[in-house]
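In each ligand, atom 1 is the first atom listed, and ligand 1 is the first ligand listed. All values derive from a computational prediction rather than experimental measurement.
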Amino acid sequence: MYGSDKVPDDSERTAFRRAEKQYKLYYESNSKKKKQPKHVDLSDVLDFKNILESSNNNGEIPPGIVALSSNFGLPVFRLENRPGFYFIPEALSIEEQCRWIKESLISFPQPPNRTNHNAFYGRIHDLFSAAKERKFLESSKDDDDDTKEWKLVEEDQRNYDVSLAHNKIPDALCELAKRMASPAMPNGEEFKPEAAIVNYFGLGDTLGGHLDDMEKDWSRPIVSMSLGCKAIFLLGGKSREDPPLAMFLRSGDVVLMAGEARECYHGVPRIFTDKENADISHLELQFSQEEDCCFLEYIQTSRININIRQVF
Ligand code: OGA
Ligand code: MN
């Protein structure tokens, strides 16, 4: 899935890499002042929020984009030149967004689910409550129980190993994924959610261009949900030389990648945590109660991506 890009040194020169660099966070080099992000021209970034608005207002949508209706009542857009790619703007209600943000922070990282931290720290219980108490982690490599887990992750196996202990995907998340996947499913078949990956992004974090190629049947969609701060998503072509299309992903947006789109390079070069770009005021309102301040604090500088896959 990730980090397997066998591209030699001149990878900087592919069209995909150039686009990543164009949108990535860089800071101005004047050292005296507080770190100042370099200005980025966002005028070429496709914005499905505007497209949805204009589609709702007067039915007008830009050339190359096709509007479909879905069986769940929301407009779905697809791209003429990227068959198998679907964009469902504002697919999740505010309540759903908050629910899955909370679950992503509290329950999804709980053992036996594995996280990227396991390689260094072994099993970590109650990560979010520890973070709330400003606790820091120390490596526990001598712990017998943890060593086993540690080895498995360190090898960075790129496969799905069902023999590894894991928690079930919550039923509500499966139902949500099935519903969202339907526009990309062949003739009324039902999507089977079999694996879920959760990506956590802070400011400056990126997900490099990649293909998700470990699933057996590429006709089945990957259902990808965005939560928290707005991001830029790059959808390339089958070669890294194909110039990618840049689009915004906001909290509540869902993207489907099926069929030919499964062969397209994609990645996330940027998230925005500043007030005018993050687009999370609805979440700030929803998390404004005292008891939710930890979620508010987290999500104001973070993005979470949950992607659900049919593997077998
Ligand atoms: C992935 C992926 C996209 C995103 O995890 O494979 O492509 O929006 N994520 O974070
Ligand atoms: Mn991917």
Would you mind running through ligand 1 and noting each atom that sits below 4.0 Å from a heavy atom of L207? 1 (C), 2 (C), 3 (C), 5 (O), 7 (O), 9 (N)

Assess M257 for proximity to ligand 1: is some non-hydrogen atom of it under 4.0 Å away? no

R250 and D47: CA distance, side-chain angles, deciding distance, salt bridge (charged side-chain N to carboxylate O under 4.0 Å, His left out) verdict: CA-CA 10 Å; R250 290 182 177 80; D47 191 339; 2.8 Å; yes

Atoms in ligand 1 flagged as close to R303, the criterion being non-hydrogen separation under 4.0 Å: 4 (C), 8 (O), 10 (O)

For ligand 1, which part of L249 has a heavy atom less than 4.0 Å away: the side chain, the backbone, both, or neither? side chain

Using the Mn ion (ligand 2) as the apex, give the angle to atoms OD2 (D212) and NE2 (H210), rounded to 10 degrees. 110°

Does a donor on one side chain and an acceptor on the other come within less than 3.5 Å for Q286 and D292? no

Should you measure from each heavy atom of H266, which atoms of ligand 1 turn up under 4.0 Å away? 7 (O)

Side chains of R309 and Y160: closer than 4.5 Å at any heavy-atom pair? yes

Run the numbers for me: atoms of ligand 1, each under 4.0 Å from some heavy atom of N307, listed by number. 1 (C), 5 (O)

S224 and side-chain hydrogen bond (donor to acceptor under 3.5 Å, both in side chains): which partner among N307, D212, N305? N305

Nearest candidate to atom 5 (O) of ligand 1, where distance is taken over non-hydrogen atoms, out of N199, I197, D212: N199

I want to check a possible cation-pi pair here: K230 against F248, using under 6.0 Å from ring centre and within 45° of the ring axis as the test. yes

For the residue pair R262 and E215, establish whether any side-chain heavy-atom pair is separated by less than 4.5 Å. yes

Is it the case that the side chains of E28 and H39 hold a donor-acceptor pair, with the cut-off being a distance below 3.5 Å and no angle test? no

Does the N or O separation between S226 and ligand 1 drop below 3.5 Å for any pair? no

Please state whether R309 comes within less than 4.0 angstrom of ligand 1, counting heavy atoms only. yes

Hey, which atoms in ligand 1 end up nearer than 4.0 Å to a heavy atom of F201? 10 (O)

Between S70 and L74, is there a donor-acceptor pair closer than 3.5 Å when you use the side chain of the first and the backbone of the second? yes

